Amino acid sequence: MKSLLKRFVKDESGATAIEYGLIAAIIGVGLIAVLGLLSTDLSEIFSTIGSGLDNA
């Protein structure tokens with residue numbers, strides 16, 4: 001029983017998957033925040049382009 005507990009404590013195979021998951025979550029939250037801030041600017045740019053194409 002003691003060796004089983006020692007082996008369980010030393011096992012780090014799941015730690016890497018958790019770290020990659022956390023990194024992916026942080027990147028996802030960052031992208032959502034940046035796109036939220038840029039959404040009004042992007043809609044203005046596309047409106048300007050659309051107006052230019054209508055007038056051409």
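Just so it is clear, the model here is predicted, and its values are computed rather than measured.
Here Ile18 sits in one hydrophobic cluster together with Leu22; the rule is ILVMFWY side chains under 4.5 Å apart, joined directly or through other members.
Leu31 and Ile23 end up in the same hydrophobic cluster when Ile, Leu, Val, Met, Phe, Trp and Tyr side chains are linked at under 4.5 Å.
Nearest heavy-atom pair across Thr40 and Leu37 is OG1-O, 4.0 Å.
Here the OG1 atom belonging to Thr48 is positioned 11.0 Å from the CG atom belonging to Leu53, to the nearest 0.5 angstrom.
For Ile32, the side-chain contact (heavy atoms from CB on, under 4.5 Å) test picks out no residue, with sequence neighbours left out.
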